[in-house]
*Asks:* 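Here you go, one structure.
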Amino acid sequence: MSDTSVQGATPQAAAMPRAVVVVGSAGGVGTSVISALLAEYRAATTLGAASWWVDASGNDCDIELRLQGRGDPSLLRSELGTGLHLAAEGASVADTVEEVWGNGAVPVVDAGARLLTSLADLTDDVLVDKVTPVIVLGVRPDLLNRARPFLSEWHKAGVLERSVVVINNPVPLPNQASLRTLLIDTVGANVAAVVGFDYEPVLGSGLAMGRAAQEKFLPATWVSLQALAQATQGPAAQ
């Protein structure tokens, strides 16, 4: 086991929640932020240091800076103890999840805006029934329309029905409540759960999102985070 392993932890222990793979429908919908906040929530409430956020997006990402990661360069830690890990270059999502499990931790993987290319991993025997897929959608009608063909492919592959859809408002929009209702009506019957995030001014600033910033979140943001954590926990695979 590597030096970044969680001391005393058992990979895929029965009490651990499932790993999570978060995929965005497009750039800018909040995939990295949502995935990092879920890992932070798990660290603060259930998993402690065994909760890892993994950047497998393939893009430059500022989450480690916004969470003020500190410590060993091979595995930074947020103030809440979340491990902040960069996936190995060229590694598949399945390989990345297996690596984290091997270190006795449970990952929330930011897979970026790759709804189509992530399907091969999410239908892999290693991950089926062991990982909860999460799709992050924006509330803009054009983004929903662009996502429809990809969602159809997820449905054909049998992945959509076990996925949690997050409808995120990363910027303040007029009539966002009615747009969110429309999206829920569109996808809700075909997925495991739908969780909505309203615009959060702290996150909208684009600045720090560590412990001090999280303490300023609106109550509705905490309700959504709790709902997402509950929807994705599931029983760990044996």
Side-chain angles (χ1 to χ4, degrees), residues 20-41 53-63 66-67 93 108-119 122 132-155 157 159-207 209 213-214 217-218 220-229 231-232:
V20 177
V21 174
V22 185
V23 188
S25 61
V29 297
T31 308
S32 296
V33 169
I34 294 295
S35 59
L37 288 178
L38 176 59
E40 284 273 274
Y41 190 90
W53 173 80
V54 184
D55 180 8
S57 66
N59 300 313
D60 290 340
C61 185
D62 65 354
I63 292 297
R66 295 179 68 185
L67 285 177
V93 171
V108 176
V109 179
D110 171 12
R114 296 186 292 167
L115 276 176
L116 189 58
T117 55
S118 63
L119 266 183
L122 294 173
T132 300
V134 172
I135 303 171
V136 182
L137 297 174
V139 296
R140 284 170 30 196
D142 62 317
L143 294 179
L144 177 60
N145 287 332
R146 286 165 54 188
R148 287 181 191 277
F150 300 115
L151 296 178
S152 295
E153 292 302 315
W154 278 51
H155 178 65
V159 178
L160 189 63
E161 63 190 18
R162 56 187 175 91
S163 301
V164 175
V165 168
V166 169
I167 299 171
N168 187 41
N169 297 336
V171 296
L173 294 172
N175 302 319
Q176 59 183 350
S178 61
L179 284 172
R180 193 173 73 179
T181 298
L182 175 62
L183 293 185
I184 291 174
D185 290 343
T186 300
V187 303
N190 300 311
V191 299
V194 179
V195 178
F197 279 79
D198 290 329
Y199 174 69
E200 170 53 66
V202 173
L203 298 175
S205 71
L207 301 175
M209 50 185 280
Q214 291 176 33
F217 282 175
L218 297 173
T221 302
W222 288 113
V223 171
S224 296
L225 277 171
Q226 181 181 35
L228 179 59
T232 55

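In this text, all values refer to a predicted model and were calculated from it rather than measured experimentally. Reckoned from all heavy atoms, side chains included, excluding hydrogens, waters and symmetry mates.
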*Asks:* If you define the side chain from C-beta out and look only at heavy atoms, does anything of Asn168 sit under 4.5 Å from Val29?
*Replies:*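 No; the side chains remain at least 4.5 Å from each other.
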*Asks:* Mind listing the closest non-hydrogen atom pair of Ala157 and Leu119 along with its distance?
*Replies:*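 The answer is CB-CD2, 4.0 Å.
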*Asks:* In this structure, which one of Ile135, Val191, Asn190 forms a side chain to side chain contact (heavy atoms under 4.5 Å, CB included) with Leu151?
*Replies:*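 Single pass found, and it is Ile135.
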*Asks:* Are Ile34 and Leu228 side-chain neighbours, meaning at least one heavy-atom pair lies under 4.5 Å?
*Replies:*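 Yes, side chains in contact.
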*Asks:* Which heavy-atom pair separates Thr31 from Gly24 by the least distance, and what is that distance?
*Replies:*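 Taking Thr31 first and Gly24 second, the nearest heavy atoms are OG1-CA, 3.1 Å.
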*Asks:* Got a second to check how far Gln214's CD is from Leu203's CG, nearest 0.5 Å?
*Replies:*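 Here the interatomic distance stands at 8.5 Å.
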*Asks:* Nearest heavy-atom pair of Ala36 and Met209: which atoms, and what distance?
*Replies:*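 That closest heavy-atom pairing would be CB-CE, 4.1 Å.
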*Asks:* Would you give the length of the straight line joining atom CZ of Phe217 to atom OG of Ser224, rounded to the nearest 0.5 angstrom?
*Replies:*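 The CZ atom of Phe217 sits 11.0 Å away from the OG atom of Ser224.
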*Asks:* Report yes or no: does Ser35 contribute a side-chain atom to a donor-acceptor pair with the main-chain N or O of Val109 at less than 3.5 Å?
*Replies:*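 Side chain of Ser35 to backbone of Val109, a donor-acceptor pair under 3.5 Å: no, none is there.
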*Asks:* Passes side-chain contact (heavy atoms from CB on, under 4.5 Å), Arg66 versus Val33? Steps please.
*Replies:* CA-CA 10 Å; Arg66 295 179 68 185; Val33 169; 3.7 Å; yes
*Asks:* I want to check something: taking the side chain as every heavy atom from C-beta on, are Arg162 and Pro133 in contact at a cut-off of under 4.5 Å?
*Replies:*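 Sidechains of Pro133 and Arg162: in contact.
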*Asks:* Are the side chains of Val21 and Leu122 in contact, using a 4.5 Å heavy-atom criterion?
*Replies:*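 Answer yes - side chains close enough.
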*Asks:* Any donor-acceptor pair under 3.5 Å linking the side chain of Ser163 with the backbone of Val134?
*Replies:*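 No, because the side chain of Ser163 does not come within donor-acceptor range (under 3.5 Å) of the backbone of Val134.
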*Asks:* Indicate the atoms forming the closest heavy-atom contact of Ala26 with Leu143, along with that distance.
*Replies:*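 Smallest interatomic distance, heavy atoms only, reads CB-CD2, 4.0 Å.
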*Asks:* To the nearest 0.5 angstrom, please state how far the CD atom of Glu153 sits from the OG atom of Ser118.
*Replies:*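 Rounded to the nearest 0.5 Å, the CD-OG separation comes to 11.5 Å.
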*Asks:* Assess whether side-chain contact (heavy atoms from CB on, under 4.5 Å) is satisfied between Ser32 and Asp55, documenting all intermediate values.
*Replies:* CA-CA 8 Å; Ser32 296; Asp55 180 8; 5.8 Å; no
*Asks:* Got a second to check how far Leu37's CG is from Leu67's CG, nearest 0.5 Å?
*Replies:*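 Taking CG in Leu37 and CG in Leu67, the distance rounds to 7.5 Å.
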*Asks:* Between atom CD1 of Ile167 and atom CZ of Phe197, what is the distance when rounded to the nearest 0.5 Å?
*Replies:*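 With rounding to 0.5 Å, CD1 (Ile167) is 11.5 Å from CZ (Phe197).
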*Asks:* Would you call Val23 and Phe150 a side-chain contact if the rule is heavy atoms closer than 4.5 Å?
*Replies:*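 Answer no - side chains too far apart.
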*Asks:* Could you walk me through whether Val195 and Gln226 pass the side-chain contact (heavy atoms from CB on, under 4.5 Å) check?
*Replies:* CA-CA 10 Å; Val195 178; Gln226 181 181 35; over 6 Å; no
*Asks:* Where is the tightest heavy-atom contact between Ala113 and Gly27, given as atom of each residue plus distance?
*Replies:*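 The answer is CB-N, 3.8 Å.
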*Asks:* Looking at every heavy atom in both Gly28 and Pro170, which two are closest together, and how far apart are they?
*Replies:*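 Looks like O-CG, 3.7 Å.
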